[in-house]
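Notes to accompany the following structure.
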Amino acid sequence: MTRHHHHHDLAHHHPTVHRTRLGQWAWTCTCGGASCRTARLTWHQVMVEALLHSMTIAP
Ligand SMILES: [Zn+2]
């Protein structure tokens with residue numbers, strides 16, 4: 001009776017970078033996080049921000 005269910009994905013973030021209707025870059029995460037308050041960033045800045053977010057451990 002072994003149970004090896006690897007479903008502890010809640011401890012990680014999965015932000016995705018996308019383009020808004022206004023033509024700006026933004027990222028949203030499955031945890032509800034988003035870069036809606038940091039507009040006018042370049043794609044690179046948004047990407048770095050998303051990466052930093054993905055490295056934080058969810059509570
Ligand atoms: Zn997140």
Legend entry - Contacts of Leu52 that satisfy side-chain contact (heavy atoms from CB on, under 4.5 Å) - sequence neighbours left out: Val48, Met55
Inset, instruction - Mind checking side-chain contact (heavy atoms from CB on, under 4.5 Å) for Thr28 and listing every partner two or more places apart, or none if nothing turns up? - result: Thr16, His18, Ala34
Inset, instruction - Locate the shortest heavy-atom distance separating Ala50 from Val17; write the atom from each residue and the value. - result: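 In this case the closest contact between Ala50 and Val17 is CB-CG2, 4.1 Å.
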Inset, instruction - Locate the shortest heavy-atom distance separating Val46 from Ala26; write the atom from each residue and the value. - result: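 Shortest heavy-atom contact: CG1-C, 3.6 Å.
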Inset, instruction - Enter the distance from Thr56:OG1 to His13:NE2 here, rounded to the nearest 0.5 Å. - result: 3.5 Å
Legend entry - Interatomic distance, Trp25 atom CH2 to His44 atom NE2 [nearest 0.5 angstrom]: 13.5 Å
Legend entry - Single-linkage hydrophobic cluster, 4.5 Å side-chain cutoff, Leu51 and Trp27 together: no
Legend entry - His14 backbone acceptor or donor facing Ser54 side chain under 3.5 Å: no
Legend entry - Check: His53 side chain, Cys29 main-chain N or O, donor-acceptor pair, under 3.5 Å: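 Checked: no pair found.
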